[in-house]
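Down below is the structure, laid out as structure tokens.
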Amino acid sequence: RAMLYFYTMYNNAANENFWDIQKETFLKWHYQDPVDQKEYDRTWAIAARQKDKANPFVLDSTLARRMWFNGGEPIDTNVVDDSSLVFINEFDYDQPGTDTLEFIELVGKKGMSLSRYKIELFNGSTGTIYRTIDLTGQTISTSGADSLDFFVVGSPKVANVDYSPASMESNGIQNGAPDGIRLLRDDIVVDEIAYEGAIAEFTVGSAISVSEDGSSPNQSIGRNNEKFDMILSDQNEEFAIGDPSPGEINTSHGQDYLAVGIEYEKTITPEEYQLSLFPNPFNNELTIQIPVANNGNTKVSIYNIQGRMVDNYNLGNINIGLYNFHWNAQKFSSGLYIIRVDNVNTRYINKALLIK
């Protein structure tokens, strides 16, 4: 990421031939080694001596591909398309007494192989991975309804469990604050859930404020049918406490169907969002091009990387079509911002990098 930054900022002094030879290797390394808390802290420590200018390739993992590989996909593992979509649907990390019923429920296409996937369990307090579950050789069942089905990883005592690694027999998932579950495909993060608090490194999925209380009756945390997005402060729209339902629809959590693939896939590849931002990175003013799908009220909300809303605008009733909104960020500091637009029952999300 230092090399990506150097070539971007000092292009005139860089060796272009060297860049052309090495850039795909740099991009592959960039995705195989996700930013952790140590690197995130380091780049802001360096920024303190650089007029608060942090390395943008650390702050936004999609920036490298968007800047230097526009219009092409040199690495086929960069994009998780709908045909290979898998997401975290429910989990149970704390039971009354001994934790012997822990599980993580995934949802994906019927019959698809999970050999390119793995689960990482993350300690949010120390910023470290404490357990990795490799899903090589595992396959999603074909018994479910519609085109999606469940895959349950957990204790052998869990109902409908599909895979029981030894590490999950007892106390397999931590219940500290915060902790997290991360799902990766070819070492690229495709979904991640931080529970009992936010984790700075988690930007693809959600942080949820709801937590299990470890008392009887047992509880789990599962997706409901509200909108899915990556805004940390919207966590309770996405997940709820309910009765454990491994391998089944999360009825008590407010879920009654699994047709969420297309909506969720848009949170994985920001460059494919219909919400266009330019220029990006930007300096002070950002143009947000909104594809208004419905006649009606439209709102723009701006969040910082910690998930706190820092600015918002009610645009009122707008007619169907493209609408350009200009956000003046002169009073805000450099960094990554998440742009959310709500238009009646449609939501668009993308990320923009402010560099001053």
Side-chain angles (χ1 to χ4, degrees), residues 80 82 84-94 101-110 112 114 117 119-122 135 140-141 144-154 158-162 173 175 178-185 189-199 202-213 218-268 307 340 342 345-347 349:
V80 179
D82 181 58
S84 57
L85 175 71
V86 183
F87 58 90
I88 300 168
N89 193 57
E90 184 186 0
F91 60 100
D92 186 352
Y93 64 89
D94 189 18
L101 293 173
E102 296 172 322
F103 70 87
I104 301 167
E105 178 192 78
L106 308 179
V107 167
K109 292 288 185 178
K110 271 186 178 182
M112 70 168 288
L114 293 173
Y117 286 86
I119 296 171
E120 290 179 345
L121 302 182
F122 198 85
L135 299 180
I140 293 180
S141 170
D146 302 322
S147 62
L148 300 176
D149 205 354
F150 303 97
F151 185 85
V152 180
V153 179
V158 171
N160 300 320
V161 68
D162 295 291
I173 306 176
N175 55 9
D179 284 316
I181 301 169
R182 175 177 273 166
L183 178 66
L184 301 93
R185 176 178 181 262
V189 177
V190 295
D191 196 8
E192 50 192 11
I193 306 297
Y195 54 93
E196 297 201 2
I199 297 176
F202 280 35
T203 59
V204 171
S206 311
I208 57 180
S209 63
V210 291
S211 59
E212 301 176 33
D213 61 17
N218 188 29
Q219 303 170 329
S220 71
I221 297 175
R223 286 191 186 270
N224 56 37
N225 283 344
E226 298 291 338
K227 289 283 187 178
F228 304 122
D229 58 55
M230 58 191 291
I231 305 300
L232 302 185
S233 61
D234 281 352
Q235 59 268 54
N236 287 328
E237 291 188 16
E238 302 182 32
F239 286 86
I241 288 287
D243 300 327
S245 53
E248 300 175 348
I249 296 290
N250 305 334
T251 304
S252 69
H253 303 82
Q255 184 179 63
D256 54 18
Y257 61 91
L258 289 178
V260 299
I262 299 302
E263 186 71 28
Y264 184 78
E265 200 273 333
K266 290 179 182 177
T267 70
I268 298 171
R340 190 185 86 184
D342 290 284
N345 60 352
T346 302
R347 174 173 293 174
I349 300 171

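This structure is a prediction, so every number in the text was calculated from the model and none was measured.
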**OP:** Any chance you could lay out the side-chain hydrogen bond (donor to acceptor under 3.5 Å, both in side chains) test for Asn218 and Asp92, step after step, and finish with the verdict?
**Re:** CA-CA 9 Å; Asn218 188 29; Asp92 186 352; 2.8 Å; yes
Closest heavy-atom pair and its distance - [X], [Y]:
| X | Y | value |
| --- | --- | --- |
| His253 | Gly222 | CD2-N, 3.2 Å |
| Ile140 | Gly108 | CD1-CA, 3.4 Å |
| Asn89 | Phe239 | O-CE2, 4.2 Å |
| Ile181 | Ile119 | CG2-CG2, 4.0 Å |
| Phe91 | Ile193 | CE2-CG2, 3.7 Å |
| Asn250 | Ser245 | OD1-OG, 3.0 Å |

**OP:** Using the test ring-ring contact (aromatic ring centres under 6.0 Å, His included), find all partners of Phe103 that sit at least two apart in sequence or belong to another chain.
**Re:**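 In terms of ring-ring contact (aromatic ring centres under 6.0 Å, His included), with neighbours along the sequence ignored, Phe103 is linked to no residue.
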Original post:
Mind checking what makes ring-ring contact (aromatic ring centres under 6.0 Å, His included) contact with Phe151, not counting sequence neighbours?
Top reply: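 Residues passing ring-ring contact (aromatic ring centres under 6.0 Å, His included) with Phe151: none at all.
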Mind checking whether [X] and [Y] have side chains closer than 4.5 Å, heavy atoms only?
| X | Y | value |
| --- | --- | --- |
| Val158 | Val152 | yes |
| Ile241 | Asp213 | no |
| Val86 | Val107 | no |
| Ile104 | Leu183 | no |

Distance check, rounded to the nearest 0.5 Å: [X] atom [atom1] versus [Y] atom [atom2]?
| X | Y | atom1 | atom2 | answer |
| --- | --- | --- | --- | --- |
| Lys110 | Asp149 | NZ | CG | 6.5 Å |
| Arg185 | Leu114 | CZ | CG | 11.0 Å |
| Tyr93 | Asn175 | OH | CG | 7.0 Å |
| Asp179 | Phe122 | CG | CZ | 9.5 Å |
| Arg182 | Glu120 | CZ | CD | 6.0 Å |
| Asp162 | Glu105 | CG | CD | 9.5 Å |

Partner residues of [X] under the side chain to side chain donor-acceptor pair (under 3.5 Å) criterion, sequence neighbours left out:
| X | answer |
| --- | --- |
| Asp243 | none |
| Asn160 | none |
| Gln219 | none |

Original post:
For Ser211, does its backbone N or O pair with a side-chain atom of Glu196 as donor and acceptor, under 3.5 Å?
Top reply: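 Pair absent, no side-chain N/O of Glu196 close to backbone of Ser211.
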Original post:
When you measure from the side chain of Arg223 to the backbone N and O of Ile88, does any donor-acceptor pair fall under 3.5 Å?
Top reply: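 It does hold such a pair.
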**OP:** With sequence neighbours excluded, tell me which residues meet salt bridge (Lys or Arg N to Asp or Glu O under 4.0 Å) with Asp342.
**Re:**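 Residues passing salt bridge (Lys or Arg N to Asp or Glu O under 4.0 Å) with Asp342: Arg340, Arg347.
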Subject >> Modelled atom types, side-chain donor and acceptor of Ser220 and Glu212, under 3.5 Å >> reply: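 Short answer, no.
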